[in-house]
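Below, all heavy atoms of this structure are taken into account, side chains as well, without hydrogens, waters or symmetry copies.
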Amino acid sequence: MKYLSALLLFFALFLASCDPDPTAADEYEIRNIIYDISRDFSWGEVDGIMAHVHPDFRHKGMYSAELRQLWLNRRGQYQLLDCEISEVEVNYDRAIVFMTMTFQAADATYSYPEPETSGDASYFIYEGGSWQLHGDQTWR
């Protein structure tokens, strides 16, 4: 009976130590990347944003060079970016971030939902030991 009790206790401890949400670490890393993008945008560091972009980025026919220009254009128009993440959907080595992006300037504020509006900062792939922006991989 002692053996059975000890075995049940060991099994209960083993189950308690298992991570109930195996995607929690992935979601945390992706949320940090979105935070980094927001911070780099506000600091005018487009290179910092682009450091999170996968070499094979493609989104609605846009490649990384066009993405860089898009971020430069946004930075020319707005000074601050705030991203409010509502959900990170992780599916193995792919993820989609659902958020509201709010760009702010001295005279204007523009908010829109992602990935519904543009989506260029919503699609991720896990490769090479880290999550990277990958785009939706579609042609326009």
Side-chain angles (χ1 to χ4, degrees):
M1 189 64 168
K2 281 185 175 183
Y3 177 73
L4 184 59
S5 297
L7 186 59
L8 286 174
L9 179 62
F10 173 75
F11 186 68
L13 289 173
F14 175 75
L15 287 178
S17 69
C18 292
D19 186 5
D21 184 5
T23 63
D26 295 322
E27 182 176 337
Y28 180 76
E29 183 180 346
I30 292 168
R31 284 178 179 272
N32 280 336
I33 291 169
I34 296 296
Y35 170 78
D36 289 348
I37 289 171
S38 175
R39 182 200 61 216
D40 288 339
F41 180 87
S42 297
W43 289 354
E45 297 289 334
V46 174
D47 288 339
I49 295 170
M50 296 307 294
H52 296 289
V53 177
H54 189 276
D56 294 330
F57 178 89
R58 186 176 68 237
H59 183 72
K60 296 180 182 175
M62 175 175 45
Y63 291 98
S64 60
E66 290 92 358
L67 179 66
R68 171 184 284 286
Q69 189 59 52
L70 176 64
W71 282 107
L72 288 168
N73 292 347
R74 288 172 173 167
R75 183 62 182 135
Q77 195 172 8
Y78 301 100
Q79 290 79 43
L80 299 174
L81 170 62
D82 180 56
C83 298
E84 185 178 320
I85 299 172
S86 57
E87 181 183 359
V88 177
E89 187 177 284
V90 178
N91 189 10
Y92 300 103
D93 65 344
R94 308 290 173 142
I96 301 174
V97 177
F98 297 88
M99 63 183 154
T100 300
M101 295 181 83
T102 302
F103 291 92
Q104 297 175 0
D107 60 345
T109 298
Y110 179 64
S111 294
Y112 58 91
E114 289 295 341
E116 296 84 5
T117 306
S118 178
D120 56 273
S122 293
Y123 297 92
F124 286 80
I125 188 170
Y126 187 80
E127 189 174 286
S130 66
W131 287 96
Q132 300 170 317
L133 286 171
H134 197 234
D136 64 5
Q137 295 297 296
T138 62
W139 299 100
R140 184 161 258 203

Worksheet entry | Set of residues satisfying salt bridge (charged side-chain N to carboxylate O under 4.0 Å, His left out) with respect to Asp26, sequence neighbours excluded | none

Worksheet item: Can you name the one residue among Tyr123, Phe124, Trp139 that meets ring pair (Phe, Tyr, Trp, His ring centres under 6.0 Å) with His59?
Response: Tyr123

Fill in: Residue of the set His52, Met50, Met101 for which side-chain contact (heavy atoms from CB on, under 4.5 Å) holds with Ile37
His52

Discussion item. Applying side-chain contact (heavy atoms from CB on, under 4.5 Å) to Ile85 and Ile30, what does each step give before you reach the verdict?
Written reply: CA-CA 10 Å; Ile85 299 172; Ile30 292 168; over 6 Å; no

Worksheet item: Are Ile125 and Val53 co-members of a hydrophobic cluster defined by side-chain heavy atoms under 4.5 Å apart?
Response: no

Practice prompt. Indicate, with yes or no, if Tyr112 and Leu70 share a hydrophobic cluster defined by side-chain heavy-atom contacts under 4.5 Å among Ile, Leu, Val, Met, Phe, Trp and Tyr.
Written response: yes

Worksheet item: For the residue pair Leu80 and Arg75, what are the closest heavy atoms and their distance?
Response: N-NH1, 4.4 Å

Practice prompt. Could you pull out the closest heavy-atom pair between Ser118 and Arg74, with the gap in Å?
Written response: OG-NH2, 3.6 Å

Worksheet item: So Glu114 and Val97, side-chain contact (heavy atoms from CB on, under 4.5 Å) or not? Walk me through it.
Response: CA-CA 7 Å; Glu114 289 295 341; Val97 177; over 6 Å; no

Practice prompt. Would you please say whether a donor-acceptor pair under 3.5 Å links the side chains of Asn73 and Gln69?
Written response: yes

Discussion item. Using the ring centroid of each side chain, check whether Phe103 and Phe41 are separated by less than 6.0 Å.
Written reply: yes

Practice prompt. Please report the C-alpha distance between Phe98 and Glu116 in whole Å, then the side-chain angles of each, then the deciding distance to 0.1 Å, and finally whether the side-chain contact (heavy atoms from CB on, under 4.5 Å) criterion is met.
Written response: CA-CA 9 Å; Phe98 297 88; Glu116 296 84 5; 4.2 Å; yes

Practice prompt. Step by step, work out the side-chain contact (heavy atoms from CB on, under 4.5 Å) result for Val88 and Met99.
Written response: CA-CA 9 Å; Val88 177; Met99 63 183 154; over 6 Å; no

Worksheet entry | Listed partners of Thr138 passing side-chain hydrogen bond (donor to acceptor under 3.5 Å, both in side chains), at least two apart | Asp136

